[in-house]
Participant: 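Below you'll find the structure I mean.
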Amino acid sequence: MSTHAPQAAQAVTLPTTLDEAVAALTAMPAAVPVAGGTDLMAAVNSGQLRPAALVGLGKISEIRGWQYLDGHALLGAGLTHARMGRPDFAALIPALAAAARAAGPPHIRNAGTLGGNIASAAPTGDALPVLAALEATLIVAGPGGARREVPVSHLLAGMDVLRPGELIGYVRVPLLHAPQVFLKATGRTGPGRAVASVALVLDPARRGVRCAVGAIAPMPLRPLDAEQWVAQLIDWDNNRAIVPEALSAFGEYVAAACIPDAAPGEDGTVPPLPPAVLHLRRTVAALARRALGRALS
C-alpha cells in the first residue's frame with residue numbers, strides 16, 4: 001500500500017489460457033491479475049496501489065461463459081455482470097442475475113466480473129451473499145495445471161486463501177430449480193452501493209431455506225438457526241404455504257442474529273443500540289421478510 005502517486009505498470013502480460021495466466025503470475029510474483037479492473041483501477045487512481053506488473057485476463061475465452069456439469073452450473077470467473085443479467089442467465093440462476101443487474105451503472109456492469117467480485121471480497125459485493133446462500137464453490141487454478149475446489153464462504157472468511165500463482169477459474173453453483181431472491185437497500189455511499197442486502201433461496205428437495213446477509217459485515221452472514229426455524233414452518237406439500245406472522249418473525253430473527261444486541265453492562269442492563277445500528281437492523285429485517293415472501297409467493 002502506498003500514498004504516493006500511482007505509476008504505470010512496468011509490464012503487461014495478456015495470456016490466452018488459464019494455465020498461461022497462472023504461469024505468468026508464477027514467473028512474476030509481484031504481478032497483479034486484472035479482469036474488469038473496476039476495483040483495481042480505483043485503487044491505482046487513488047494512489048493506494050502501484051502494481052509492478054499486470055496480468056490481463058480479458059483474452060481468456062474459456063472463463064467467459066458457462067456450462068452444465070452434474071446438476072451444477074460451472075460459471076467462468078470472467079463472466080461480466082452485464083452478461084449475467086441477461087434473461088437466459090436469469091432463467092438459470094435468478095438471484096445471481098438480480099445481483100448482477102444491481103451491481104451499479106452500465107459501465108461497471110459491462111466491465112466487472114464474477115471472479116473479480118469474489119477476489120476483491122468487498123463487503124458490498126452484490127454477488128457474494130448470493131454465492132453464500134447457494135453454497136457455491138470455486139475451482140482454483142494453480143501452477144502445473146493443478147486444480148482445487150474451495151467453498152466460496154471459506155475464501156471470504158479467510159479460512160482458505162489463494163496461494164501464490166493461483167487464480168479463480170470457475171464458480172460451481174448447484175442448480176436448485178426453485179425460487180431465488182436478491183434484494184438490497186442502498187444509501188448515499190455511492191451509486192448502487194448496498195448498505196444491506198439479502199439473498200434467499202429455497203431448496204425444496206431438502207425442504208430447506210438458505211439465507212445470506214451482505215454488506216453489513218466483512219463477509220456475508222448466514223443466520224443458520226433462522227433458516228432451520230422457518231423451514232419447519234413451511235408447508236412444503238401445500239404450495240409452500242406459511243402463516244403471514246412467520247414472515248415478520250423470520251425477518252426479526254435474521255436481523256437479530258446478524259446484528260445482535262449489545263453486551264450487558266456491569267449492572268446487568270443491556271444498553272440500547274445506537275440509532276444508526278437500530279435502523280440497519282430494521283432494514284435487514286425488512287429485506288429478509290420481503291425476500292422470503294417473494295420466494296414463497
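Side-chain atoms are counted along with the backbone in the values below, which use heavy atoms only and exclude waters and symmetry mates. Here, residue 1 is the first one in the sequence, and each next residue gets the next number.
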Participant: Taking Glu227 for its side chain and Cys211 for its backbone only, find out whether a donor-acceptor pair lies under 3.5 Å.
Facilitator: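 Side chain of Glu227 to backbone of Cys211, a donor-acceptor pair under 3.5 Å: yes, one is there.
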Participant: Using side chain to side chain donor-acceptor pair (under 3.5 Å) as the criterion, point out the one residue from His72, His154, Glu149 that pairs with Thr137.
Facilitator: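 Exactly one option meets the side chain to side chain donor-acceptor pair (under 3.5 Å) with Thr137, and it is Glu149.
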Participant: State whether the number of non-hydrogen atoms from other residues, nucleotides or ligands found under 6.0 Å of Arg64 atom CZ is greater than 12.
Facilitator: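 Counting other residues, nucleotides and ligands, CZ of Arg64 stays at 12 neighbours or fewer.
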Participant: Return the OG1 to CD distance between Thr269 and Glu266, rounded to the nearest 0.5 Å.
Facilitator: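 With rounding to 0.5 Å, OG1 (Thr269) is 10.0 Å from CD (Glu266).
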Participant: Which residues satisfy the salt bridge (Lys or Arg N to Asp or Glu O under 4.0 Å) test with Arg207, sequence neighbours excluded?
Facilitator: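 Applying salt bridge (Lys or Arg N to Asp or Glu O under 4.0 Å) to Arg207 gives Asp237.
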Participant: Please give me the minimum heavy-atom distance between Pro271 and Gly265, naming the atom from each residue.
Facilitator: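 Here Pro271 and Gly265 meet closest at CD-N, 4.4 Å.
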Participant: Is there a path from Ile259 to Phe250 through hydrophobic residues (I, L, V, M, F, W, Y) whose side chains come within less than 4.5 Å of each other?
Facilitator: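 Yes, Ile259 connects to Phe250 through the hydrophobic network.
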Participant: Give me the atom names and distance for the closest heavy-atom approach of Val213 to Cys258.
Facilitator: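 For Val213 versus Cys258, the nearest heavy atoms are CG2-SG, 3.7 Å.
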Participant: From Thr13 OG1 over to Leu57 CG, what is the distance, rounded to the nearest 0.5 angstrom?
Facilitator: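 Here the interatomic distance stands at 10.5 Å.
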Participant: Using atom types as modelled and distance alone, determine if a side-chain donor or acceptor of Trp236 lies under 3.5 Å from a backbone N or O of Ala231.
Facilitator: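 Yes, the answer is positive, given that a donor and an acceptor are paired below the 3.5 Å cut-off.
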Participant: Is it possible for you to say whether Ile63 and Phe89 belong to one hydrophobic cluster, with membership spreading through side-chain heavy-atom contacts below 4.5 Å?
Facilitator: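 Per the 4.5 Å side-chain linkage, Ile63 and Phe89 are not co-clustered.
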Participant: Given His81, which partner from the list Asn117, Thr113, Asn110, Leu114 fulfils the side-chain contact (heavy atoms from CB on, under 4.5 Å) test?
Facilitator: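 By the side-chain contact (heavy atoms from CB on, under 4.5 Å) criterion, His81 pairs with just one of Asn117, Thr113, Asn110, Leu114: Asn117.
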Participant: As an exercise, state the distance from OG1 of Thr283 to CG of Leu183, rounded to the nearest 0.5 Å.
Facilitator: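 Going from the OG1 atom of Thr283 to the CG atom of Leu183 covers 12.5 Å.
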Participant: Would you please say whether a donor-acceptor pair under 3.5 Å links the side chains of Thr17 and Asp19?
Facilitator: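 No pair is found: no donor N or O on one side chain lies under 3.5 Å from an acceptor on the other.
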Participant: Are more than 12 heavy atoms, taken from residues, nucleotides or ligands other than Arg147, located less than 6.0 Å from that residue's CZ atom?
Facilitator: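 Yes, CZ of Arg147 has more than 12 neighbouring heavy atoms, counting only those of other groups under 6.0 Å.
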Participant: Going by side-chain contact (heavy atoms from CB on, under 4.5 Å), Val150 matches just one of Val161, Val140, Leu162. Which one?
Facilitator: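 Considering Val161, Val140, Leu162, a side-chain contact (heavy atoms from CB on, under 4.5 Å) with Val150 is found only for Val140.
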Participant: Please report the shortest heavy-atom distance between Arg222 and Ala132, naming the atom on each side.
Facilitator: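 Smallest heavy-atom distance, with atoms named: NH1-O, 3.3 Å.
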Participant: What distance do Leu75 atom CG and Ile168 atom CD1 have between them, rounded to the nearest 0.5 Å?
Facilitator: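 Reported value, rounded in 0.5 Å steps: 12.5 Å.
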Participant: Could you pull out all residues at least two apart from Thr80 that satisfy side-chain hydrogen bond (donor to acceptor under 3.5 Å, both in side chains)?
Facilitator: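 Scan of Thr80 (side-chain hydrogen bond (donor to acceptor under 3.5 Å, both in side chains), adjacent residues dropped) gives none.
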Participant: With clusters defined by side-chain heavy atoms of hydrophobic residues (ILVMFWY) lying less than 4.5 Å apart, directly or transitively, does Leu155 cluster with Leu79?
Facilitator: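 Linked within one cluster.
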Participant: Verify the cluster assignment for Leu280 and Met219: are they in a single hydrophobic cluster under the rule of side-chain heavy atoms below 4.5 Å apart?
Facilitator: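 No, no single cluster joins them.
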Participant: With no hydrogens and no angle check, is any side-chain donor or acceptor of Asn238 less than 3.5 Å from a backbone partner on Ala241?
Facilitator: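 Not at all, since once roles are kept as given, no pair shorter than 3.5 Å links the two residues.
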Participant: Treat each ILVMFWY residue as a node, draw an edge where side-chain heavy atoms are under 4.5 Å apart, and state whether Leu233 and Leu200 are in one component.
Facilitator: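 Shared cluster, yes.
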Participant: Can you check whether Leu18's main-chain N or O pairs, donor with acceptor, with Glu62's side chain at less than 3.5 Å?
Facilitator: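 Yes, because the side chain of Glu62 sits within donor-acceptor range (under 3.5 Å) of the backbone of Leu18.
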Participant: To the nearest 0.5 Å, tell me how far Arg193 CZ sits from Ile108 CD1.
Facilitator: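 So the gap between those two atoms works out to 9.0 Å.
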Participant: Is the backbone of Ala102 close enough, under 3.5 Å, to the side chain of Lys184 for a donor and an acceptor to pair up by distance?
Facilitator: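 Looks like yes, one N/O pair under 3.5 Å.
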Participant: Would the distance check show the side chain of Glu20 and the main-chain N or O of Pro15 forming a donor-acceptor pair, the cut-off being under 3.5 Å?
Facilitator: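 Side chain of Glu20 to backbone of Pro15, a donor-acceptor pair under 3.5 Å: no, none is there.
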Participant: Considering only NZ, NE, NH1 and NH2 on the basic side and carboxylate oxygens on the acidic side, decide whether Asp261 and Arg281 come within less than 4.0 Å.
Facilitator: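 Yes, Asp261 and Arg281 are salt-bridged.
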